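So the structure is just underneath, and the comments pick up after that.
What you see is a predicted model; the values in this text were computed from it and never measured. A, B, ... follow the sequence lines: proteins, then strands. Residue 1 opens every chain.
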Number of protein chains: 2
Amino acid sequence: MKLATLKNPTLDGRLVLVSNDLTLAAEVSHLAPTLQYAIEHWPSLEPALREVDRALNQGLMDTGSLDTALPFAPSAAAAPLPRTWQWLDGSCFLSHGALMQQAFQLQPIEGMDRIPLIYQGAGDDFLGPCEDIVLPSEEHGIDFEGEFGVIVDEVPMGTPADQALDHVRLITLLNDVSLRALGPREMKTGFGFVQAKPSTSFAAVAVTPDELGDAWRDGRIHLPLNVSWNGEWFGHPHGGAMHFGFHELIAHAALTRRLSAGTVIGSGTVSNHDRSVGSACISERRAIEMIEFGEIRTGFMRFGDRVRITATLPDGSELFGAIDQRVVAPSAE
Amino acid sequence: MKLATLKNPTLDGRLVLVSNDLTLAAEVSHLAPTLQYAIEHWPSLEPALREVDRALNQGLMDTGSLDTALPFAPSAAAAPLPRTWQWLDGSCFLSHGALMQQAFQLQPIEGMDRIPLIYQGAGDDFLGPCEDIVLPSEEHGIDFEGEFGVIVDEVPMGTPADQALDHVRLITLLNDVSLRALGPREMKTGFGFVQAKPSTSFAAVAVTPDELGDAWRDGRIHLPLNVSWNGEWFGHPHGGAMHFGFHELIAHAALTRRLSAGTVIGSGTVSNHDRSVGSACISERRAIEMIEFGEIRTGFMRFGDRVRITATLPDGSELFGAIDQRVVAPSAE
């Protein structure tokens, strides 16, 4: 199943099911008004949602067995969860960290190959796939980060890794917008990111794990993540290279507390050791330039720039739809 | 006005108004089902809430002009916001940081007297004032932290400090439970706290700023915060010593993003330079012992231990009610 949230006057939007080819949406608000509600009541709701999904994808709305179907426009979509009670973002692609350390002579983060590195993000104000990224200053070093993520139902405290994947309800694609000029100072305090991590953006459609087939295994998403910047290829690193699986991230975060239903957990910027695949964030390309040429040749994003992020199935289809956003100054809203 | 949330089968509970003496509660669910809803609709709701509040405090329920009043029991209360979309916690009492650095030869955090130090916490699962704190292990170094906090309505990105206090709707008292054995490693990564900061607990009652009178000024809460541990005095440091006011914390956090309505912002553990007032967390007492005696004499909390946290007005009344909690192992729930 593919689920999306259409913008409406409420902060949580309206839940719809989206057809496999991303062209149609079916009303399910009689079953679950919001995605948060659906995640909180998943076991009792799933059979009815799957029935609507079958009707939608078999074209049964023409026969009258599906009440309402409407054209699906990603531009009308909010993030699948327009806000969530908890947003945790990992940094699980070790090649990214290694490049950053080598290029900028950073201290290695001790134990990051043994203990998942996760920061607590702000989940109160997510952006939809086509919404402008409004930021106060280009001087903050505006960067994108292409990532995969999962949305879990309630995870009890102490859930071990080998039971954690049972809690993964949905898989998602996201742009963890980062302000690189503000990050280093915040990291140095030890308190993590506040100003350096503004609102995160999500692809329109979150999908149930079965939609990925074999590409969802070992708690990892074995798909390439494609990034283009102002229409030019930027990278297509593969999600399978994630050092920790999502089960390990979930278990780590749930050691001392319960994760409530709707918690979103991100992979960190997708990155591969093979440099020919490019990068999913500018900061990593700059690190590679520093290593290869002894100088940084690529600047960060400027107001008016666009970033496009997708993940493609082997048949070339864009599983989650595309994140396609423009960065703008507050006055340009 | 004093607002509280009674536990019910929903995750957000049911909003009530509480009388000044904390003995009675008035139903306001016909006006606002939850505190989150009230914060999101504050300007249009406030007059009606104030009307109920007047009736409640003038004993008008006896005359029939107030429909429903019931006895108020803090044990029936959840946190005022049982979950919130964003929880940001500062560390704004510089004497606390100075003691920790001196005792344990830590590197000073650069610029913490000029730039507010804030971590992003998990707001998905707050505890009420009398709820057990369930934690997996005493070995994690279980500590309390007595703090003040504010709850804001929507704060636009870029709100300057001199306009930030207009967004403070409620003031609250909280226990930022901390696991001291896990904190240093997480700080060292630069990514901030995940495992070291389990669910935070709140006093039953959140109050509008006018309830504090003169004690709310300069964006600070000029009241002593009283802590006892297993019935023994532990400290009564004064909130007025906060180095940054809440307006500065709000402006700092809102530099690169909007803070959504219901965002909770904490002061950090209350601490004074005058050591005779004691401390609001065990970790600070241990630092003082290290400095004064060359050794740590106080252990962290054990399962079965209780902590009580209050803030008193000059007349001795407990403004927010008491946080009074037991720490327990999962099996003892």
Side-chain angles (χ1 to χ4, degrees), chain A residues 11 40 83-91 106-107 109-112 115-125 134-137 140 154 156-158 177 179 182-199 252-263 330, chain B residues 11 40 83-91 106-107 109-112 115-125 134-137 140 154 156-158 177 179 182-199 252-263 330:
Chain A
L11 292 169
E40 287 176 7
R83 51 181 183 173
T84 185
W85 304 100
Q86 191 176 171
W87 159 225
L88 286 161
D89 197 13
S91 181
L106 304 176
Q107 284 295 318
I109 295 174
E110 202 183 301
M112 81 175 276
I115 304 171
L117 195 57
I118 302 177
Y119 76 87
Q120 185 82 49
D124 64 326
D125 190 25
V134 184
L135 288 170
S137 171
H140 289 160
E154 186 178 313
M157 185 173 78
V177 179
L179 301 175
L182 303 174
R185 193 198 65 80
E186 292 193 326
M187 282 189 76
K188 220 170 144 194
T189 67
F191 271 46
F193 308 109
V194 175
Q195 293 180 333
K197 294 286 186 183
S199 293
H252 179 84
L255 178 73
T256 59
R257 54 177 156 153
R258 181 165 57 131
L259 308 182
S260 67
T263 294
Chain B
L11 291 169
E40 287 175 7
R83 51 181 182 172
T84 186
W85 304 101
Q86 191 174 174
W87 159 224
L88 286 161
D89 196 13
S91 182
L106 304 176
Q107 284 294 319
I109 294 174
E110 203 184 300
M112 82 177 274
I115 305 171
L117 196 56
I118 302 178
Y119 76 88
Q120 184 82 46
D124 64 326
D125 189 25
V134 184
L135 289 169
S137 171
H140 290 159
E154 185 177 314
M157 185 173 78
V177 179
L179 301 175
L182 303 175
R185 192 197 66 79
E186 292 192 326
M187 283 188 76
K188 221 171 142 193
T189 68
F191 271 47
F193 308 110
V194 175
Q195 293 181 332
K197 293 286 186 182
S199 293
H252 179 84
L255 178 72
T256 58
R257 53 178 156 151
R258 178 165 59 130
L259 308 182
S260 68
T263 294

Open item on the list: What I'd like to find out is whether the side chain of Met157(B) reaches to under 4.5 Å of the side chain of Pro136(A), using heavy atoms alone.
Closed with: yes
Open item on the list: Can you tell me which of Leu135(A), Ile118(A), Leu259(A) forms the most heavy-atom pairs within a distance under 4.5 Å of chain B?
Closed with: Ile118(A)
- [ ] Assign the ring pair Trp85(B) / Trp85(A) to parallel, tilted or perpendicular, where the plane angle (0 to 90°) is split at 30° and 60°.
- [x] parallel
Task: Part of His140(B) lying under 4.5 Å from any heavy atom of chain A - done: side chain
Task: Portion of Thr263(B) that has a non-hydrogen atom of chain A nearer than 4.5 angstrom - done: side chain
Open item on the list: I need the residue from Leu182(A), Ile115(A), Leu11(A), Leu88(A) with the largest number of non-hydrogen atom pairs under 4.5 Å to chain B.
Closed with: Ile115(A)
Task: Atom of Leu179(A), atom of Thr256(B) and distance for their closest heavy-atom approach - done: CD1-CG2, 3.4 Å
Task: Heavy-atom side-chain proximity of Val194(B) to Arg257(A) below 4.5 angstrom - done: yes
TODO: Identify the heavy atoms of Phe191(B) and Tyr119(A) that sit nearest to each other, and give their distance.
DONE: O-CB, 3.4 Å
Task: Lys/Arg-Asp/Glu bridge criterion (N-O < 4.0 Å) met for Glu40(B), Arg83(A) - done: yes
Task: Among Lys188(A), Gln195(A), Met187(A), residue most engaged with chain B (heavy-atom pairs, under 4.5 Å) - done: Gln195(A)
Task: Top of Arg185(A), Glu110(A), Lys197(A), Gln107(A) for chain B proximity - count of heavy-atom pairs under 4.5 angstrom - done: Arg185(A)
